[in-house]
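Here is the structure we will look at, set down as structure tokens.
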Number of protein chains: 4
Amino acid sequence: MPRIPAAERRSDFVKAAVEVIATHGIDGATTRRIAEQAQAPLATLHYCYNSKEDLFADVFKFVAGKFRDVIEDSDPHADLTVTARRLLRGAMECYLESANFAATALELISWARRQHEERGIGVYNQAVDALRSALRGAASDHPLEAETIDQIAYVIATLADGFALNWLTYGDRSAATEHMEVTVSVLDSWLAVRLESAPAALS
Amino acid sequence: MPRIPAAERRSDFVKAAVEVIATHGIDGATTRRIAEQAQAPLATLHYCYNSKEDLFADVFKFVAGKFRDVIEDSDPHADLTVTARRLLRGAMECYLESANFAATALELISWARRQHEERGIGVYNQAVDALRSALRGAASDHPLEAETIDQIAYVIATLADGFALNWLTYGDRSAATEHMEVTVSVLDSWLAVRLESAPAALS
Amino acid sequence: MPRIPAAERRSDFVKAAVEVIATHGIDGATTRRIAEQAQAPLATLHYCYNSKEDLFADVFKFVAGKFRDVIEDSDPHADLTVTARRLLRGAMECYLESANFAATALELISWARRQHEERGIGVYNQAVDALRSALRGAASDHPLEAETIDQIAYVIATLADGFALNWLTYGDRSAATEHMEVTVSVLDSWLAVRLESAPAALS
Amino acid sequence: MPRIPAAERRSDFVKAAVEVIATHGIDGATTRRIAEQAQAPLATLHYCYNSKEDLFADVFKFVAGKFRDVIEDSDPHADLTVTARRLLRGAMECYLESANFAATALELISWARRQHEERGIGVYNQAVDALRSALRGAASDHPLEAETIDQIAYVIATLADGFALNWLTYGDRSAATEHMEVTVSVLDSWLAVRLESAPAALS
DNA sequence: AATGAATGAGGCTTCATTCAT
DNA sequence: TATGAATGAAGCCTCATTCAT
């Protein structure tokens, strides 16, 4: 009965959609289920969004925005190794904090791949771009080759996503917490070797 | 009326399902589309399988079997480091060889997570189990702690899946080929550090 | 807040409805589309009219009124043949001037037939009545049988509507202009024969 | 329960659609109502036709075919005047025989106009084309200018459609029967004048 | 055994209308 | 007075599945 502004209502539907996508998958996220989750009549969803696709576009923005927030929160003055480690840990903590968010992010990546002909469009690409930007900022003192930045971004993304898949599959929080440490140590080991040789090549 | 043996018919449907799942996702893999891809009448699918879920169970077996084949192909007499590297590379080559297989595997992992209450059931779990067995075989000379084996299996799975996600997202084969090398070097770096200290702890 | 008088508002909606009905048909003339065409919020339409049917009743009046204007414009002192010709030409020119008006008139005729059980109610009937009145006025000197008047009115209506259907179907203005002349000549030929014998029967 | 071949089922739906279109108009002809009229579940309609549009295309064919039958039934050896009169009478009798057919034909004409950008496509055009062919056949002895044929076809179509509109509006069969005679006499009067001068121009 | 025919359930979307402000 | 917000009903269509042959 309370007449809520449309903007706020839309946000409710986005949150509901994240829950439903995580639980039922992208294609199982029917308008009925989303409306029900948002405790709103089905028609109200279509009053706020012209189409399901419009709603999903907003979900998309929401997820991409959360990634960007996590990535940009990292201290820009830190060392490259420290920054990389923080980015990876931040992503994993974000996944660990909300399994639904993690699941929805993976669903969206899968969905974007199927939906659009133009590859690389979507959450994944935006997140990797943000990773690259953050890394470039941290490496501004001793500029690395673009290729090195790309590789580090790739490894962080790979480790974070691989971690997410495992955590979502087993749903075992304590195991995941341990895996987080292992994953960080993997990055550390590789970076130690990788950055030891790379700057040398530049000097 | 070619009178195709039932077994072959079922195999056709499984292969068709893999294609369709990769292209349209698990929920987009409708019985109609699968039957069409298999060039069979819709009713024939239900003649071979009681339900869609039964068919998917076979798809499941097929994918899990392919993983097991890749893993068990690796030389059981090799060194642990070499074995780990081979397992990772084998998985990635398998993904690279058929993007459809990779996509279907990821879809199935996602699907299994949503479908069943009991976590850890499914393709992912079977693959990790197989990884563990292979690693144990390679480490039979100097037995490691179970935890170490678990960690190595986790890291291999994580790296392989993270690699797959990237490759599927961009669909860039040459980039993926380079990523494969990077990914292997990540494993190598970490194993070098990890195995250097672990045995020490045992001695 | 332009504070537009309610009467003007209603007139805007009627005009918008005529456009929309012509373009999308009676059933395609949704309240949304009409409000949009009138550049007014949807709720305003229902503020001015209790229901869509009420609005359509006004559209009805508008169209019937325009017909009456055309018919009553014709010189009441003219000869019967001349009057009949003028009425037919007037109707056709009216159709030709605005295809939207023609289309809406035909839609309303169709709609009225479907809507009401009582046949003959509607735009068509009102127009034919007006035709009869005009013809009676022109024939006041040598009163004809009512049947003759009825027949002339029927023929004029038939020719005008048949013309409209053709013009709307092809949308070819130059062809329609030629058809107008042919149509008038059809009426002339028939009237010449018809009125030659009819008065004779009365004398 | 009887398993009827799809082709026959389709014919049932076409007939049902004609009824429903006549009663409720093109846009009121919902799939639900058509299925109900055909005494079939809604889903069965979509088993026989991929879409509502496909069904309507068949309705289209059915109506156009009936027109063609009526027109081509006319004796090809007859005189032009006789042929024209027969064509007109045939069309009107066809309308009179089934008001539903008449209504559906007019609805389809209206619908085709709204639906397709390319003007002149549809039932109307096909019927007029068939009229022209029939007239050309009858006039083969003393070939007339194409323009004359066109005009005669136009006048027949105009009179028949105008007649139909009146008959549908009032639903008065006895009045319509009288109108039929009047309408034929209108054609006769005009043809007498028209063909008297036209051949002269050719001789 | 094999497959066209058939269908209830549910998918997304739009409708005319009402409510609260 | 005006109008964004809200909604039950109904629109077309596709789904997995079953039935009859």
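In what follows, every chain begins at residue 1, and chains take the letters A, B, ... in the order their sequences are listed.
Rounded to an integer number of Å, the gap from CG of A/D54 to C1' of E/dC12 is 13 Å. Atom CG of B/L45 is separated from atom P of F/dC15 by 13 Å (rounded to the nearest Å). For the pair D/E36 CD and F/dC12 C1', the interatomic distance rounds to 16 Å; values are reported in whole Å. Whole-Å rounding puts the A/E8 CD to F/dG4 C1' distance at 15 Å. For D/L55 and F/dC13, the CG to C1' distance is 14 Å, given to the nearest whole Å. The interatomic distance linking D/Q39 (CD) with E/dT7 (P) rounds to 12 Å, in whole Å. Following rounding to the nearest Å, B/R10 (CZ) and E/dA1 (C1') show an atom-to-atom distance of 15 Å. Look at CZ on B/F13: it is 11 Å from P on E/dA2, rounded to the nearest Å.
No side-chain donor-acceptor contact under 3.5 Å links C/R113 to the backbone of D/L168. B/R10 places a side-chain N or O within donor-acceptor distance of the main-chain N or O of B/C48, the cut-off being under 3.5 Å. At distances below 3.5 Å, not a single donor-acceptor pair connects side-chain atoms of D/T104 with backbone N or O atoms of D/I21. A distance-only check finds a donor-acceptor pair linking the side chain of A/T23 to the backbone of A/E19 [under 3.5 Å].
At the phosphate of F/dA5, OP1 or OP2 sits under 4.0 Å from a side-chain N or O atom of A/Y47. Between D/R9 and the phosphate of E/dA5, there is no side-chain N or O to OP1/OP2 separation shorter than 4.0 Å. Proximity of B/T44 to the phosphate of E/dA2: no side-chain N or O atom is located under 4.0 Å from OP1 or OP2.
Nucleotide E/dA1 has no partner under the Watson-Crick or G-U criteria, as no pair reaches both atom distances under 3.5 Å. Searching all strands for a Watson-Crick or G-U wobble partner of E/dT18 with both distances below 3.5 Å returns F/dA5. In this structure E/dG11 sits in a base pair with F/dC12, meeting the Watson-Crick or G-U test at under 3.5 Å.
The side chain of D/P41 lies closest to E/dG8, out of F/dT3, E/dG4, E/dG8.
Looking at C/Y124 and C/L108, their side chains never come closer than 4.5 Å, going by heavy atoms from C-beta outward.
Salt bridge annotation for D/R114-C/E107: present, with a cationic side-chain nitrogen under 4.0 angstrom from a carboxylate oxygen.
Note: B/F67 and B/F101 meet the aromatic proximity criterion, with ring centroids under 6.0 Å apart.
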Give me the distances for all protein-to-nucleotides 15-17 of chain E N/O pairs that come in under 3.5 Å?
residue : atom : partner : partner atom : Å
E/dA16  : OP1  : C/T31   : N            : 3.3
E/dA16  : OP1  : C/K52   : NZ           : 2.8
E/dA16  : OP2  : C/T31   : N            : 2.8
E/dA16  : OP2  : C/T31   : OG1          : 2.7
E/dT17  : OP2  : C/H46   : NE2          : 3.1
E/dT17  : OP2  : C/K52   : N            : 2.9

